[in-house]
Trainee: 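One structure is given below, represented as structure tokens, and several questions about it will come after.
Numbering of ligands and ligand atoms starts at 1, following listing order. When a residue number appears, it is its place in the shown sequence, counting from 1.
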Amino acid sequence: MPKQKYILKFSDISIKDLPQVGGKNASLGEMFNNLTKRGMRIPDGFCTTAEAFCYFLEFNKLNAPIAKSLTKLDKHKTDNLKRVGLEIRQLILKGKFPPDLAKEIKKAYADLSAVYKTKNLDVAVRSSATAEDLPTASFAGQQESFLNIKGEKQLLTAIRKCFASLYTDRAISYRDDQGFKHEKVYLSAGIQKMVRSDLATAGVLFTIDTESGFKDLILINSAYGLGENVVKGRVTPDEFFVYKPKMVIIKKELGSKKFKLIYGSKNKATLNLRVDKKERAVFSLSDKEILELAKWGALIEKYYKKPMDIEWAKDGQDNKLYIVQARPETVKSQAQANILEQYILGKKGKVLASGESIGEKISTGKVQVIENAKQLSKFKTGEVLVTKMTDPDWEPIMKKAAAIITDSGGRTCHAAIVSRELGLPAIVGAKNASRVLKNKQPVTVSCAEGEKGYVYKGILPFKIKKTNLKKIKKPKKVNLMVNLGDPTQAFKYSFLPHQGVGLARLEFIITSYIKIHPLALTNYHKLPTNLKNKIKDLTLAYKNKTQFYIDQLAFGIAQIAAAFYPRDVIVRFSDFKTNEYANLIGGELFEPKESNPMIGWRGASRYYDPKFKPAFELECAAIKKVRDKMGLANVKVMVPFCRTVEEGKKVIKILKENGLVQGKNNLEVYVMVEIPSNVILADKFAEIFDGFSIGSNDLTQLTLGLDRDSELIAQIADERNEAVKILISQVIETAQKNKIKIGICGQAPSDFPDFARFLVKQGIDSISLIPDTLIKTIIDLNKKK
Ligand code: PEP
Ligand code: MG
């Protein structure tokens, strides 16, 4: 049989064919030929070549009229761009297929149908432009895709529409910005067997953390139905993190997944359906599937030797996973990890809306709510774009925005990808923002506060701090660590020059992710109905309520441990006071009222108390899971507020009973030195613990006899008080004599450079600082004095 002129089958394509089939299709062919044999699944297909596209234009004599239309282009005017784009698209849509080209397409379609033992195979028709998917420009969603296409007639129409989509407004504008000549870019249509994810799930996978650029992470977003809903940000998907070096899941977050895109009827190829509540309450992928996808993601990344942005789908008929697209990730892999840019909000204001933050910047401007494409011309440069969701067509105005806020969408949706590429702060999944925020209202959009982004009322002041990390050298005499309890910040701080985490407080994970008192979970079945319902809503994906606590804690710890692996991460067991524990959901039922919670039922005293022990055992289970199951044995543990040596012994015994044995799998158990008794009896504490960490906050409170929470005596509270310094010098000396590690994790060295210098002089092994003050402290300690 003579080789077809205008068609290339996946099995004939390699990455070298990019000039003929564009980046997307070349990458598919390359993977189809090289990675399927390693167990990865890709549905089969074929492509029309650039030659086919040129032939189509020539046959219909379209080159001259297209060029003529383009001379009229003034893309800074939204209306003009719209007019020119439409004109060119209509020219192409009116074109006819040259008979020999149509014949080749029909033949290839019949052959592909035969591979799947059917006649009119349902296929996806995707656009792949020959200047697409370069490492520096994603061209994300520039051209159109058509799903669930059946039969020759529909297929030819879809291909023609793909050809026309080379001239979508956004593609014209994007090419112009990136400096590509329009007439030198061609369109190849990729025709691929549909994966029946309308009956299952689909989504996106990145082999790099899209926020921080951390390279050891795989991020998967997943929702029900065809993947377009995730890509376009029409739904908030489930989110999973996999730590690549160990291939373990370190985060599972349930998304609302409100809609699913399914196959439609005659006139409409697809339609969106509401997902019922029960289905939304469970994860859309099993752990096994998450890991299978992650493994493929790593394989693709290794093959292409660069971070990748991948689309995948699960087929509801054969229940198998497939990769349907892969292109290089374009933002974080290009970023310079050496320059630390920190946006710092001067003061907070009233929160008007919040959602998932994209990027780490802060921006201000007046709100402009855009409800649909017809209103695009209303948008002015420097305004804050607020909408239910953006569409790839909106890119010309997204570029002009100060910030972008969308009601729906997750981390990998189109709005998020484009915002990152444009370097704009964006908040996605901001629920009712487009209703709450009003046109012309001045707002501050802050993505500088971790995973959550906030829209504040009014224009608030902020600063930008830049540091070249290459120039920062580690101080000679001391190890520097960071205090970090918020897992969402961990990946970003992994780039900072330090030796690990000196204090990971569990309280942040408990308040932000769990929100429920641990004993309310261990006693779930005995709770009053209203409380039970409230807890049920928060723990939807979990039948076993205590497992929810263990898993959430383990995931939070694992993210911190993975971010800094193999550096030490010292995780401190919970140290809420009774009033703080009482604030958690169901807390009042289990917490006594104390007059002095600061010196009450806290720290070690809780862990062996039969009233709290079942809760403490959940903490132990979480640590064990992270260290032994996930393989993150860089996690060490620390016991806070340990009043007596006997208490220390009791806690160590319980740890042992729960599988946390000192020395086993390199486990070290630290104790905080934050009560004068810890200093006075340091020799004895040193006999049972592996290390000390000074809690100067509590040590100051208890040495000076002042309540940390009382503002009446706050002026006396100064860690530099001589009495406190004497105790600190003393315990450093005792630790050295006993040859056990001694560090500090209280606030004092972060606040006072002279205090940090004092500690170094005393010979302390490590100082743990809040991340914001790390660089400043290093510079100060390195100064010749
Ligand atoms: C301390 O007491 O210094 C300390 C680090 O612990 P916390 O502030 O959590 O009590
Ligand atoms: Mg303390």
Trainee: Looking only at heavy atoms, is any part of M598 under 4.0 Å from ligand 1, and if so is it the side chain, the backbone, or both, or is it neither?
Mentor: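 For M598, no heavy atom sits under 4.0 Å from ligand 1.
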Trainee: Is there a polar contact, in the sense of an N or O pair closer than 3.5 Å, between Q747 and ligand 1?
Mentor: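 N/O-N/O distance below 3.5 Å does not exist for this pair.
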Trainee: With atom 3 (O) of ligand 1 as the reference point, say which of L702, N697, L699 has the nearest heavy atom.
Mentor: N697
Trainee: Is K636 salt-bridged to D568, going by a charged N under 4.0 Å from an acidic O?
Mentor: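 A salt bridge is present here (some side-chain N lies under 4.0 Å from a carboxylate O).
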Trainee: Find, among atoms of D698 that are N, O or S, the one nearest to the Mg ion (ligand 2), and state its name.
Mentor: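 Result: OD2.
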Trainee: Closer than 4.0 Å to some heavy atom of G746 - which atoms of ligand 1 meet that?
Mentor: 3 (O), 5 (C)
Trainee: Is E507 in contact with ligand 1, taking contact as a heavy-atom separation below 4.0 Å?
Mentor: no
Trainee: Can a side-chain donor-acceptor contact be found between Q662 and D690 if the only test is distance below 3.5 angstrom?
Mentor: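 There is such a pair (donor and acceptor under 3.5 Å, judged by atom type) between the side chains of D690 and Q662.
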Trainee: Is E674 close enough that one of its N/O/S atoms sits under 2.8 Å from the Mg ion (ligand 2)?
Mentor: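 It does: E674 brings an N, O or S atom closer than 2.8 Å to the Mg ion (ligand 2).
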Trainee: Between Y670 and F685 (judged by ring centroids, cut-off 6.0 Å), do the two rings come close enough to count as a pair?
Mentor: no
Trainee: Is the shortest distance from a heavy atom of E719 to ligand 1 less than 4.0 Å?
Mentor: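 So E719 does not count as touching ligand 1.
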Trainee: I'd like to know if R708 and D698 make a salt bridge, using a cut-off of under 4.0 Å between side-chain N and carboxylate O.
Mentor: yes
Trainee: Please confirm whether R572 approaches ligand 1 to less than 4.0 Å, judged on its heavy atoms.
Mentor: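 For ligand 1, residue contact (heavy atoms, under 4.0 Å) with R572 is present.
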Trainee: Just which atoms of ligand 1 are under 4.0 Å from any heavy atom in G695?
Mentor: 1 (C), 2 (O), 3 (O)
Trainee: Tell me whether the NZ or CZ atom of K545 lies within the 45° cone about the ring axis of Y524 and under 6.0 Å from its centre.
Mentor: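 K545 over Y524 ring: yes.
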Trainee: Taking only Lys NZ, Arg NE, NH1 and NH2, and the carboxylate oxygens of Asp or Glu, determine whether R602 and E580 approach each other closer than 4.0 Å.
Mentor: no
Trainee: Go through ligand 1 atom by atom and flag the ones less than 4.0 Å from a non-hydrogen atom of R602.
Mentor: 10 (O)
Trainee: Among E674, M638, R708, which one has a heavy atom closest to atom 8 (O) of ligand 1?
Mentor: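 Nearest heavy atom to atom 8 (O) of ligand 1 lies in R708.
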Trainee: Mark yes or no: R606 above the aromatic ring of F612, with NZ or CZ under 6.0 Å from the six-membered ring centre and no more than 45 degrees from the axis.
Mentor: yes
Trainee: Any N or O on K577 sitting closer than 3.5 Å to an N or O of ligand 1?
Mentor: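 In fact, backbone or side chain, K577 has no N or O that close.
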Trainee: Flag this pair as yes if the NZ/CZ of K625 is under 6.0 angstrom from the six-membered ring centre of F555 and inside a 45 degree cone about the axis; otherwise no.
Mentor: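 Yes, K625 sits over the ring of F555.
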Trainee: May I ask you to check whether H498 and Y493 place their ring centres under 6.0 Å from each other?
Mentor: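 Ring centres of H498 and Y493 not closer than 6.0 Å.
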